[in-house]
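Just so you know, these numbers use all the heavy atoms, side chains as well, and skip hydrogens, waters and symmetry mates. So that the names make sense, note that chain A is the first sequence line, chain B the second, and so on, each numbered from 1.
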Amino acid sequence: MLVSLDWLKEYTKVDREVTEYIDRMNLTGSKVENVDYKDENLKDIIVGKIIKKEKHPNADKLSVCKVDIGGGTTETIITAAANIKEGDVIPLALPGSVIIDKKIDVTEFRGITSNGMMCSGEELGLDASVLPKNSEGGIYVFSEELTPGQDALTHLGLHDVVIDFEITNNRPDCQSIIGMAREFAAAFYNPVKVPQAKVEEAKNDIDKYLSIEIADPDLCHRYVARMLKVKKIEQSPLWMQRRLMACGFRPINNIVDVTNYILLEVGQPLHAFDYKMIEGDKIIVRRAQKDEKITTLDGKERACCEDLLLITDTKKGVGIAGIMGGANSEITNDTEMIVIESAAFNAENIRKSSVKMNMNTDAAALFSKGVNASMSTYAATRAAQLLIQIGACELIEGIIDIYPYPAKPAKITVDAVWVNKFLGMEIPLADMLLSLKSLGIEYTEKDGIITVISPLFRTDINIKEDVAEEIARIYGYEKMPSTLNNASSYVSPVNQYFKFKTDIKNIMASMGAFESLTYTFTSYENIIKLNMGYKKEDIVKIINPLGDATAYMRTSLMGSLLEVAELNLSRKNNKAIFFEIGNVFFNEKDEEGLPVQKEKLALVAYGGYDFYDIKGIADALFKGLGIADISYARSKCLSVHPGKSADVTAGGKYLGYIGQTHPAVAKEFDIEEGTYVFEFDVKQMFASADNTFIYTSIPKYPSIVRDMAVIVEEEILSGDVLAEIRKNGTELLVDAYLFDVYTGDQIESGYKSLAYSLEFRSKERTLTDAETDNLFNIILNVIKDKFNARLRQ
Amino acid sequence: MIKQLNTIKDETLQKIIKAENLSELEDIRVSVLGKKGNLTNILRSMNTLSAEERPVIGATANIVKESIELSLANKKEEIVNKAMQAKLDKEYIDITLPGNKVDIGSVHPISKTAIELVEIFASIGFSVAEGPEIDFTKYNFDYLNTPSNHPARSLTDTFYINEDVLLRTQTSPVQIRTMLTNKPPIKVISPGKVYRCDEIDATHSPLFNQMEGIIVDKDITMSDLKGTLEFFAKQLFGPQTKTKFRHHQFYFTEPGAEMDATCPKCKGLGCRVCSNTGWIEILGCGMLHPNIMEICGISHLEYSGYAFGMGIDRIAMIKYGLEDLRLVYENDIRFIQQFIGR
């Protein structure tokens, strides 16, 4: 919301430094987004009047003008602009003056000296979109006769300061200069003076011309009309034009300008119809019929959507309610009588309709936020008043006001003691009342019990907390003490699962891996490329995605991480390990009825790692997290190399897969074949982690270590042999691990040698060599039998 | 005999001084104190002396012996030290050669920031609550007092799976879930991913990270909210940080507020990061709206509470001086590597 401080002065005192306003308005809840000091880069621009205009003798496109600069003096000014003529009053920059970023000097153009420059609106910092059409793309031409030599910036409203405020959705009343004037006044405890909307009238002549019916009161809460006779359609006065321009509106003509002026001043969008185009002398506000079409002001024929509210006469649509007028009832130079509509529509319906119709107009934006029905008559009368005042129209006396369910003010009782207790403040009662008063809120008070009558222009004050808020923000949040939950010593128990995930991240990072953060959405193609066997019906689809590449929710982190590898490889980051913890999603429903969401930990390693590197990382991670009883079996996952991958379980529970990416998948993602991945379910890891650890005493008796080297066929898995060793080792076998794998010279081809270290110890005594050898041989014989193994000599 | 003893002493001490290594020293020791050493011989012949002579000679002999032993020990230490020094003088390595490589990685800056925020709030008794990223429309909007015509509900703002299920636009549904399933006191923070229909650019992303917090207990005041968040800002950006508590409106709070902190880059003097204002907006907050408490089955007459929320990405950008959010989600290792140890 753009607020011109010059305009604001009409309603409340504006006499402080701009920075003071910025600070205070920010604190009280009107957030300043931008401050535009209009004359920041302008100096000494005066009003000039073109007395004479001639063609430049040596240049086709230039004109030589004699310009009256006041005080009986004229100057020669050369211009290339085509939109000016003799008699025009224009802003003039004489030598020594400054326009945006440029100092003006005497300049020679093909033998003739120009003693200054006529200015375009843009050269003075006005946006092209707010310039009157006759000044667009050329010199700005004043619409009124002005005395040459005067300060031109005053007439252009360029000594103004315009502040852009963010207005929150609960305060549609602040989408207006009057609404903001109320906020400014309250913030500084100043009075506010809202202009009286008044026209001189005695009769109800309007009824002779027009009647109104609201057929769908659920979508139209109030409809007010006034009628006026057009005297002359011309440019609006300069004072109105400069206010419109300051607030981002282009001056068009006196009637349109007044409707826009009221839109800004009151926050009520108005529409003006040409009365003679309204057939049957009746306006009916109703839903569009099926297949109904309407041509709007912009000349486009549009098919009406469902529940679109139309303004119609007895025969046809003449406008789309709250969004845009119809072409058939537009004001033209031949218009003799106008109907001014001031209405309040259902905000949600306007919002939905403007989306469905793809029409984002200023009116639709305001109506979507909610235009207050209590302002409709004020706005209509105020518009009539201004149209008469600027000489555009004559009044047709009377007003039509259809208001099926008038709003009633809310009445709220609040205890001053409660207010202070709730806020943690000690605001004196008198200051509470002062805050309410300065906001224009009526109240009564007895023994500290305040009864508030919520003003009709405010729709956001309904409960006692709202009243506390109004008091606090005007009294000042800065006066609020800072306490640390004085009344609550409650400490919430630690979330062990979140801590577990943090531990994973720290352990992974300590092993040289880098955490990535990828998008959870993906494309259908990427899910298919991973070849995990998911069908379209398994995947969660977004109905309104940004694009095809982000239309589905991922079912695996592998795709995300392969893309990370792909990006890094394309940037010559040739070797890395990445990991990530994130959710994957499935269409299958959980117990609540939501898509199943599972948290995964995944890793990708590329650029010269092998299976055992990442298996080492996985094993260290499991160890670091207290996850024991890990086993690896050939993986069933289709996205990994069948011979170089494993499904990983802890205590028999499936954690996930680990291995080399399947060459076909690697090719699809444009990464090297030797890329390794793992993906584990974090919740399952957490469930498998043992955090009930109690220490065991350091052994009292020595252990005996025996090595067992056996020769087996190459296909035998060393892990299977190890498992068998452990299974048969009794409680005396305290540790067993593989320490060497050998194929080569001394081993016939098709076989390999596996060397295990076995450590035996008893808790009660020192073992003898004899009993150790005995146990060793029992194990060895099982291995020989089971794996067709022989002892390596 | 006394003279003989003194001669042995003088000669031996001379020899010890001249000795250059341990074997020479050992030879000296053997020649004097060994089984056949000259001092040993004298001591052995003591019993041939008279009762008057024996104590006198004996005392002298002992003094000589002790003085030789002491001298030998000193010389031995001197030789050993010298040898050690000579050895050390010859042993050196190029200490500027790189150490053998032990890889170290890093958690992502967004994770790092999230963990830091969690730690700060954990220190004052908050714990983490998490919830689904795809959640019900009712938990994301309806239960949060969001008006039915609020633009945030539209298809241009929020990703939907169907009318009733969406990608959460805030982590507030976690708070609703917590309040629905727990009785006060409640004191949780909820970090996590959230989604909004924004194309990615320097400051927007369709997926970003948020952290919200909530407390519900008896007699919680708005000054508690202000104090808690000031504590947080000082922990995060340093004890010199100043804060500004401004009024603002949110549908789930009443009254609502926003908090600014002095720009950590320019310390409040004004710079590009803070658009020359010296202040940076860091979070939104307010007292829990009574409607929300009642929807969740908590009496707003018996309890009060507050809620706050902030963008983790935004905090990370402020903290690390990041200028482009795209870097955060691109995962170029040269970016993430910079956060090792940070």
Side-chain angles (χ1 to χ4, degrees), chain A residues 26-29 168-170 347-348 351 355 422-425 463 465-466 468-469 472-473 477 480-488 490-495 498 502 505 508-520 540 542-544 546 564 567-568 571 573 576 583 585 594-595 597, chain B residues 103-108 110-111 115 124-128 130 132-135 148-150 154-155 159-162 165 185 187-188 193 197 199 206-207 215 217-224 226-228 230-231 245-249 254-255 257 290 304 328-334 336-337:
Chain A
N26 267 330
L27 283 174
T28 56
T168 52
N169 277 304
N170 66 325
E348 190 178 356
R351 183 177 65 78
V355 172
F422 180 61
L423 297 172
M425 298 176 80
I463 56 175
E465 284 80 2
D466 294 330
E469 174 172 52
R473 74 184 180 96
Y477 275 20
M480 192 179 287
S482 302
T483 52
L484 260 179
N485 308 330
N486 274 355
S488 173
Y490 178 65
V491 171
S492 187
V494 172
N495 179 334
F498 186 84
T502 306
K505 291 176 185 181
M508 291 301 291
S510 75
M511 291 190 286
F514 291 90
E515 189 190 7
S516 59
L517 179 56
T518 56
Y519 284 158
T520 51
V540 178
I542 299 167
I543 59 174
N544 56 331
L546 292 177
V564 171
L567 174 117
N568 278 281
R571 295 185 179 176
N573 303 329
N583 276 332
F585 307 85
L594 286 171
Q597 299 163 63
Chain B
D103 286 338
I104 180 131
S106 172
V107 301
H108 193 278
I110 298 298
S111 270
I115 292 166
I124 47 174
F126 287 83
S127 69
V128 173
E130 295 185 291
E133 286 170 37
I134 300 181
D135 210 335
S148 55
N149 69 333
H150 197 282
S154 71
L155 285 167
F159 294 116
Y160 283 88
I161 305 303
N162 58 50
V165 177
K187 204 171 180 183
V188 295
K193 293 187 175 103
C197 302
E199 294 283 353
L207 178 160
I215 183 167
D217 203 347
K218 288 193 165 124
D219 300 325
I220 296 292
T221 67
M222 196 165 181
S223 62
D224 288 336
K226 189 181 178 188
T228 300
E230 276 179 14
F231 168 82
F245 201 54
R246 291 183 284 104
H247 173 261
H248 197 74
Q249 185 262 344
E254 192 67 47
S304 57
V328 168
Y329 292 98
E330 193 179 62
N331 300 301
D332 189 315
I333 195 165
R334 291 165 297 178
I336 306 173
Q337 257 171 353

One option among Ala576(A), Ser510(A), Ala513(A), Ala487(A) has the most heavy-atom pairs under 4.5 Å with chain B, and it is Ala513(A)

Greatest number of non-hydrogen atom pairs under 4.5 angstrom with chain A, of Ile110(B), Asp219(B), Ile124(B), falls to Asp219(B)

For Leu594(A), the side-chain contact (heavy atoms from CB on, under 4.5 Å) test, sequence neighbours excluded, returns Asp590(A), Glu592(A), Gln597(A), Pro132(B), Asp135(B), Phe136(B), Val165(B), Arg177(B)

Could you check whether any side-chain N or O of Ser106(B) sits under 3.5 Å from a backbone N or O of Phe514(A), counting only pairs where one atom can act as donor and the other as acceptor?
no

For Pro493(A), is there any backbone N or O sitting under 3.5 Å from a side-chain donor or acceptor partner on Ser127(B)?
yes

Are the side chain of Ser492(A) and the backbone N or O of Val188(B) linked by a donor-acceptor pair below 3.5 Å?
no

Whatever's closer than 4.5 Å to a heavy atom in chain A on Glu230(B) counts as side chain

| field | Tyr477(A) side chain near Pro255(B) side chain, heavy-atom distance below 4.5 Å | value | yes

Discussion item. I'd like to know if the side chain of Asn544(A) reaches the main chain of Tyr160(B), judged simply by a donor and an acceptor atom lying under 3.5 Å from each other, with no hydrogens or angles considered.
Written reply: yes

In terms of heavy-atom pairs under 4.5 Å with chain B, the winner among Ile543(A), Val540(A), Thr28(A), Asn485(A) is Asn485(A)

- Does the side chain of Glu133(B) reach to within under 4.5 Å of the side chain of Phe585(A), using non-hydrogen atoms? yes

Okay, Ile134(B) and chain A: the region with an atom under 4.5 Å from a heavy atom over there is both

Honestly, the part of Asp217(B) sitting under 4.5 Å from a heavy atom of chain A is side chain

Answer key: most heavy-atom pairs under 4.5 Å with chain B among Asn26(A), Thr502(A), Val494(A) is Asn26(A)

Interatomic distance, CG@Leu207(B) vs OG1@Thr520(A), rounded to 0.5 Å, equals 5.0 Å

Of the listed Met511(A), Glu465(A), Met425(A), the one with the largest count of heavy-atom pairs under 4.5 Å with chain B is Glu465(A)

Separation between CD (Glu130(B)) and CG (Asn583(A)), nearest 0.5 Å, reads 8.5 Å

Cut-off 4.5 Å, heavy atoms of chain A, and the answer for Pro290(B) is side chain

Separation between OG (Ser488(A)) and NZ (Lys218(B)), nearest 0.5 Å, reads 11.0 Å

Main chain of Leu517(A), side chain of Asn331(B): is a donor-acceptor contact present, judged purely on distance under 3.5 Å? yes

Determine whether a donor-acceptor pair (N or O, by modelled atom type, separation under 3.5 Å) exists between the side chain of Asn169(A) and the backbone of His150(B). no

So, the part of Lys187(B) with a heavy atom under 4.5 Å from chain A: the answer is both

- Task: May I ask you to decide if Val107(B)'s main-chain N or O and Glu515(A)'s side chain share a donor-acceptor pair within less than 3.5 Å?
- Result: no

Distance col, row Asn573(A):CG vs Ile336(B):CD1, nearest 0.5 angstrom, shows 10.0 Å

Looking only at atom types and distance, does a side-chain atom of Lys226(B) sit under 3.5 Å from a main-chain N or O of Met480(A), one as donor and one as acceptor?
yes

Greatest number of non-hydrogen atom pairs under 4.5 angstrom with chain A, of Cys197(B), Ala257(B), Gly227(B), falls to Gly227(B)

The interface call for Leu155(B) against chain A, heavy-atom contacts under 4.5 Å, is both

### Side chains of Ile161(B) and Ile542(A) in contact at under 4.5 Å (non-hydrogen atoms)
yes

Counting heavy-atom pairs under 4.5 Å with chain B, the top scorer among Glu469(A), Lys505(A), Met508(A), Arg473(A) is Glu469(A)

Chain B shares the most heavy-atom pairs under 4.5 Å, among Gly424(A), Gly512(A), Pro595(A), Ser516(A), with Gly512(A)

Margin query: Checking the side chain of Ser223(B) only, and the main-chain atoms of Thr483(A) only, is there a donor and an acceptor separated by less than 3.5 Å?
Written below: no

Under 4.5 Å to a heavy atom of chain A? For Phe159(B) that would be both

Nearest heavy-atom approach of Lys193(B) to Thr518(A) is CE-O, 4.4 Å

Please determine, by modelled atom types, if Thr221(B) and Asn486(A) share a side-chain donor-acceptor pair under 3.5 angstrom. no

